[in-house]
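Here is the structure we will look at.
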Amino acid sequence: MKIILLGAPGAGKGTQAEVISERLQIPTISTGNIIREALKTGTEMGLKAKSFMDAGQLVPDDVVIGIIKERLAKDDCQNGFILDGFPRTIPQAEALDNMGVVIDKVIDIEVKDETIINRMSGRRVCEKCGASYHLEHKKPSVDGVCDKCAGTLVQRKDDHPDTVKARLEVYHKETEPLKDYYSKQGKLAIVEGQSEIEETTSLILAAIEA
Ligand code: ADP
Ligand code: ZN
């Protein structure tokens, strides 16, 4: 199963990807996490991406397309995968098609902008493994500590309110047209993402099995 999760930043793609990954036993590939990892280890790609990311702008297409090519070539992707945060532009979607990757389903998680701005202020991520939490909706067992790896939970620089607004603008302009792109391919399923995490998960699993 090859799945794309679409949706605005903060729509819950990462959280849902973790659950579906576990359920279907396929890896999640998050370009955001890969880039943040590269940043931490200080690779050239990471350095190139940093200024875009911190400003809430997209990293250039050729950089992320390169990342995805490399990642999808690995063994663990052979039985399928979930793409979280890629593609984010029409050229990225076209690159995926040109690579001969046949996507089964594209799930778009719909959440209103105002809800997103609200949610992002409470989001915390694990410094070490990238798992995401929320101060109200998805608390870790111990405040400030990752359940999975005991890493420290921090707020991402790009989760500050002004940056979130910039990211939403970019989303509407660059990423939202992908709904039309995949709808034309007959692959799009739209899922309501405003309510409880578990409810959204059920809707996604139903859409995948449909
Ligand atoms: P979110 O889904 O919460 O916006 P991500 O972790 O997916 O966060 O992405 C964070 C940032 O990483 C983006 O704002 C962008 O700068 C960069 N990035 C991630 N994926 C892509 C992509 N496919 N194309 C361009 N930039 C990307
Ligand atoms: Zn962790």
Side-chain angles (χ1 to χ4, degrees), residues 4-18 28-40 45-72 82-96 99 101 106-109 111 113 115-134 138 140-142 144-178 181 193:
I4 293 173
L5 289 183
L6 274 186
K13 297 188 298 290
T15 305
Q16 298 298 342
E18 277 178 40
T28 290
I29 296 160
S30 155
T31 38
N33 282 351
I34 296 173
I35 298 166
R36 276 186 290 277
E37 198 56 41
L39 253 167
K40 259 199 307 195
M45 185 273 281
L47 293 174
K48 247 204 309 202
K50 184 176 172 21
S51 57
F52 295 101
M53 208 164 179
D54 285 350
Q57 299 301 314
L58 294 181
V59 173
D61 285 336
D62 57 335
V63 177
V64 278
I65 290 166
I67 291 174
I68 279 291
K69 271 198 180 139
E70 207 173 288
R71 184 61 188 88
L72 294 186
I82 301 161
L83 294 179
D84 161 23
F86 184 96
R88 252 178 163 96
T89 64
I90 297 279
Q92 291 178 20
E94 288 169 347
L96 202 56
M99 282 161 62
V101 174
V106 179
I107 312 283
D108 171 53
I109 308 174
V111 178
D113 283 11
T115 311
I116 284 174
I117 294 171
N118 218 315
R119 276 188 193 174
M120 298 294 243
S121 60
R123 175 156 82 169
R124 296 295 180 271
V125 296
C126 173
E127 210 171 40
K128 225 161 116 190
C129 77
S132 77
Y133 297 86
H134 195 280
K138 199 191 169 203
S141 313
V142 180
V145 181
C146 180
D147 288 342
K148 295 189 177 129
C149 77
T152 306
L153 304 184
V154 296
Q155 182 171 42
R156 270 164 49 181
K157 208 169 176 177
D158 60 347
D159 276 350
H160 290 285
D162 284 348
T163 319
V164 170
K165 289 196 185 123
R167 287 162 68 196
L168 281 170
E169 266 174 46
V170 170
Y171 167 74
H172 290 301
K173 187 161 165 274
E174 306 280 348
T175 309
E176 222 170 4
L178 290 176
Y181 184 91

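Ligands are counted one by one from 1 in listed order, and the atoms in each one are counted from 1 as well.
When hydrogens are left out, the protein atom nearest atom 12 (O) of ligand 1 is Met53 CE, 3.3 Å; that is the closest non-hydrogen contact. Looking at atom 18 (N) of ligand 1, its nearest protein heavy atom turns out to be Ile35 CD1, 3.8 Å. Of all protein heavy atoms, the one closest to atom 9 (O) of ligand 1 is Arg88 NH2, 3.4 Å.
Angle SG (Cys146) to the Zn ion (ligand 2) to SG (Cys149): 120°, rounded to 10°. When SG of Cys129 and SG of Cys126 are joined through the Zn ion (ligand 2), the resulting angle is 110° to the nearest 10°.
The shortest distance between side-chain heavy atoms of Ile4 and Leu178 does not fall below 4.5 Å. Contact annotation: the side chain of Ile109 never approaches that of Leu6 to less than 4.5 Å [non-hydrogen atoms, C-beta and beyond]. With a 4.5 Å cut-off on side-chain heavy atoms, Met45 and Val63 count as touching.
Between Asp84 and ligand 1, no N or O atom pair is found at a separation short of 3.5 Å. For ligand 1, the polar-atom distance check against Asn33 finds no nitrogen or oxygen pair separated by under 3.5 Å. Between Lys13 and ligand 1, a contact under 3.5 Å exists for at least one N or O pair. Distances between N or O atoms of Phe52 and those of ligand 1 include no value under 3.5 Å.
Per-residue contacts place Thr31 under 4.0 angstrom from the following atoms of ligand 1 (heavy atoms of the residue considered): 19 (C), 20 (N), 21 (C), 23 (N). Near Arg167, meaning under 4.0 Å from any of its heavy atoms, are these atoms of ligand 1: 1 (P), 3 (O), 4 (O), 8 (O). If you number the atoms of ligand 1 from 1 as listed, the ones under 4.0 Å from a heavy atom of Gly32 come out as 5 (P), 6 (O), 9 (O), 19 (C), 20 (N). Atom numbering of ligand 1 starts at 1 in the shown order; those under 4.0 Å from a heavy atom of Val64 are 21 (C), 22 (C), 24 (N), 25 (C). Taking a cut-off of under 4.0 Å to the non-hydrogen atoms of Arg36, the atoms of ligand 1 that pass are 6 (O), 10 (C). The distance from ligand 1 to the heavy atoms of Arg123 drops below 4.0 Å at these ligand atoms: 3 (O).
Neither the backbone nor the side chain of Asp61 has a heavy atom within less than 4.0 Å of ligand 1. Heavy atoms of Val59 found under 4.0 angstrom from ligand 1 belong to the backbone as well as the side chain.
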Could you walk me through whether Asp147 and Ser141 pass side chain to side chain donor-acceptor pair (under 3.5 Å), step by step? CA-CA 6 Å; Asp147 288 342; Ser141 313; 3.1 Å; yes
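Of the listed residues (Gln92, Gln57, Lys50, Arg156), the one carrying the non-hydrogen atom nearest atom 16 (O) of ligand 1 is Gln57.
What you find for Gln92 and Asp61 is that their closest heavy atoms are NE2-OD1, 2.9 Å. When all heavy atoms of Pro60 and Phe52 are compared, the pair lying nearest together is CD-CE1, 3.6 Å.
Ion pair Asp159/Arg167 flagged as a salt bridge, since at least one NZ, NE, NH1 or NH2 atom sits closer than 4.0 Å to an Asp/Glu carboxylate oxygen.
Annotation: the span from Arg36 atom CZ to Lys157 atom NZ amounts to 13.5 Å, rounded to 0.5 Å. Within the model, atoms CE of Met120 and OG1 of Thr115 stand 12.0 Å from one another, a figure rounded to the nearest 0.5 Å.
The environment of Lys69 atom NZ is sparse: at most 12 non-hydrogen atoms of other residues, nucleotides or ligands sit within 6.0 angstrom. Within a 6.0 Å radius of NZ in Lys138, more than 12 heavy atoms belonging to other residues, nucleotides or ligands are found.
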